[in-house]
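Notes follow once the structure below has been shown.
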Amino acid sequence: MRKFYLHTYDGKKTFDLNSDKALAAEPKGLGNAFSLSYKDSDKGKHLVNVTPSFDPIELQIYFNADGTDGYLNYKSLLNFLAQCGTGLLLFEYNDGVTDKFCDVVLKSNSKTERNDEGVFCEPFIFERQTYWYERVEESFALKNTDAAQTKFPLGFPFGFVGHVFKKKQRITNTFFVDAPITITITGDIKNDIDIYIETTDGKTVGEIALACNNKEGTTIIIEPTTKKIIVTTDGISTNGYGLTDKTKQSFLYLPQGEYLIGSNMEDTDAGAISFAVKRYLFD
């Protein structure tokens with residue numbers, strides 16, 4: 001049985017679209033679509049560009065299968081959507097085989113009266129922004145780890161007494177679209193922070209340089225999907241975009257192929273740089 005859920009983008013709140021209070025049915029726009037561009041020449045028409053052009057996701061949502069008039073159920077969905085404003089939502093779709101997500105924005109919702117049979121059903125339309133992807137992202141961190149807790153062999157171990165320092169991580173993207181990488185920096189890191197992606201033969205293909213180090217109690221999150229860099233200290237968050245070296249990238253994406261992700265952390269640093277790579281699906 002197909003199941004649908006809406007989540008706030010941080011994943012902290014969820015609205016279930018599979019209950020008698022709100023039952024989503026008759027979905028449209030769950031597949032993939034592309035926009036094709038051609039160029040005419042004296043030899044005919046030639047394909048020059050293929051770009052994703054997703055159809056909107058349309059759901060018919062029934063609000064009174066629980067035997068009520070349905071208006072409170074309808075209002076509860078609107079209250080959930082109001083918390084997100086005009087920002088991104090996570091749309092979850094389980095087809096009984098795979099569980100997958102995409103980013104959506106609410107485009108429209110209607111509100112009418114119950115029909116002659118007493119059914120309260122309204123169409124909701126969401127503009128889809130991304131391919132489907134796995135919510136359980138591939139995650140890893142560059143940091144010092146107690147040797148007793150480390151699984152060997154490591155691809156790039158740098159050892160010192162009682163610890164193993166992982167400075168680089170080998171990673172592969174098999175999808176034809178670059179995979180966004182969310183970066184989270186925590187703990188004490190003494191030098192200005194440099195993070196990079198390089199080929200297996202050492203050629204740099206992406207790099208972020210921050211004009212700051214990091215201290216315990218401060219967290220820096222670099223989020224390419226929302227295009228935000230947030231610095232949080234003692235519960236107070238500020239925009240960290242100004243910390244980036246504008247001659248390099250502000251956000252990192254993993255190209256198709258095999259690469260290494262690394263940083264300039266030293267083995268005496270107690271902090272960590274964590275990565276979450278979004279895995280797109282052609283589903």
Any donor-acceptor N or O pair under 3.5 Å, side chains E258, T200 | no
Side chain to side chain contact (heavy atoms under 4.5 Å, CB included) partners for S76, two or more places apart = F15
Salt bridge flag under 4.0 Å for residues E198 and K168 = yes
Would you kindly confirm whether L23 and F4 end up in one hydrophobic cluster when ILVMFWY residues are joined by side chain heavy atoms under 4.5 Å apart?
-> no
Listed by chain and number, what are the salt bridge (charged side-chain N to carboxylate O under 4.0 Å, His left out) partners of E58, not counting sequence neighbours?
-> none
Do the ring centers of Y131 and F176 come within less than 6.0 Å of each other?
-> yes
Apply side-chain contact (heavy atoms from CB on, under 4.5 Å) to the pair T184 and I273, showing each step before the final yes or no.
-> CA-CA 6 Å; T184 303; I273 302 177; over 6 Å; no
Grab the two heavy atoms, one from P255 and one from N173, that are nearest each other, plus how far apart they are.
-> O-CB, 3.2 Å
Tell me, please, which residues at least two apart from K21 pass salt bridge (charged side-chain N to carboxylate O under 4.0 Å, His left out).
-> none
Give, for atom NE2 of H7 and atom CG of L88, the distance between the pair rounded to the nearest 0.5 Å.
-> 14.0 Å
Side chains of T233 and T218, donor plus acceptor under 3.5 Å | yes
Do you know the tightest heavy-atom contact between I125 and P56?
-> CG2-CB, 3.7 Å
Under 3.5 Å, is there a donor-acceptor pair linking the side chains of T186 and T219?
-> no
Establish, from distance only, whether the side-chain atoms of K278 and T225 form a donor-acceptor pair under 3.5 Å.
-> yes
Heavy-atom pair with the smallest gap, counting every atom of K215 and D188 | CA-OD1, 3.3 Å
Shortest non-hydrogen contact between K45 and Y38, atoms and distance | CG-CB, 3.3 Å
Could you please spell out the steps behind the side-chain contact (heavy atoms from CB on, under 4.5 Å) verdict for L47 and L36?
-> CA-CA 7 Å; L47 181 68; L36 309 181; 4.0 Å; yes
Flag the pair E127 and K107 as a salt bridge only when some basic side-chain nitrogen lies within less than 4.0 angstrom of an acidic carboxylate oxygen.
-> yes
Those residues that, when tested against K190, pass salt bridge (charged side-chain N to carboxylate O under 4.0 Å, His left out) (two or more places apart) | E266
What distance separates D10 CG from T226 OG1, expressed to the nearest 0.5 Å?
-> 11.0 Å
Side chains of D66 and N73: does their closest heavy-atom pair fall under 4.5 Å?
-> yes
F34/S53 under side-chain contact (heavy atoms from CB on, under 4.5 Å): CA gap, chis, key distance, verdict | CA-CA 5 Å; F34 298 89; S53 180; 5.8 Å; no
Taking N18 for the side chain and A22 for the main chain, is one N or O donor matched with an acceptor at less than 3.5 Å?
-> no
Quick one: side chain to side chain contact (heavy atoms under 4.5 Å, CB included) partners of D234, sequence neighbours excluded?
-> none
Is there a donor in the side chain of N264 and an acceptor in the side chain of N191, or the other way round, less than 3.5 Å apart?
-> no
Where is the tightest heavy-atom contact between L6 and F80, given as atom of each residue plus distance?
-> O-CZ, 3.6 Å
Would you please name every residue forming a ring-ring contact (aromatic ring centres under 6.0 Å, His included) with Y71, sequence neighbours left out?
-> F120
Classify the side-chain pair Y9/E223 by whether it contains a donor and acceptor separated by less than 3.5 Å.
-> no
Step-by-step side-chain contact (heavy atoms from CB on, under 4.5 Å) determination, I221 to I229 | CA-CA 6 Å; I221 298 178; I229 300 175; over 6 Å; no
Group every Ile, Leu, Val, Met, Phe, Trp and Tyr by side-chain heavy-atom contacts under 4.5 Å, then state whether I189 and F275 land in the same group.
-> yes
Check step by step if ring pair (Phe, Tyr, Trp, His ring centres under 6.0 Å) holds for F101 and W132.
-> CA-CA 5 Å; F101 294 76; W132 296 107; 8.6 Å; no
Please assess D95 against R2 for the test salt bridge (charged side-chain N to carboxylate O under 4.0 Å, His left out), listing each intermediate value before the final yes or no.
-> CA-CA 5 Å; D95 59 8; R2 290 182 297 194; over 6 Å; no
Salt-bridge present (D103, R128; N to O < 4.0 Å) = no
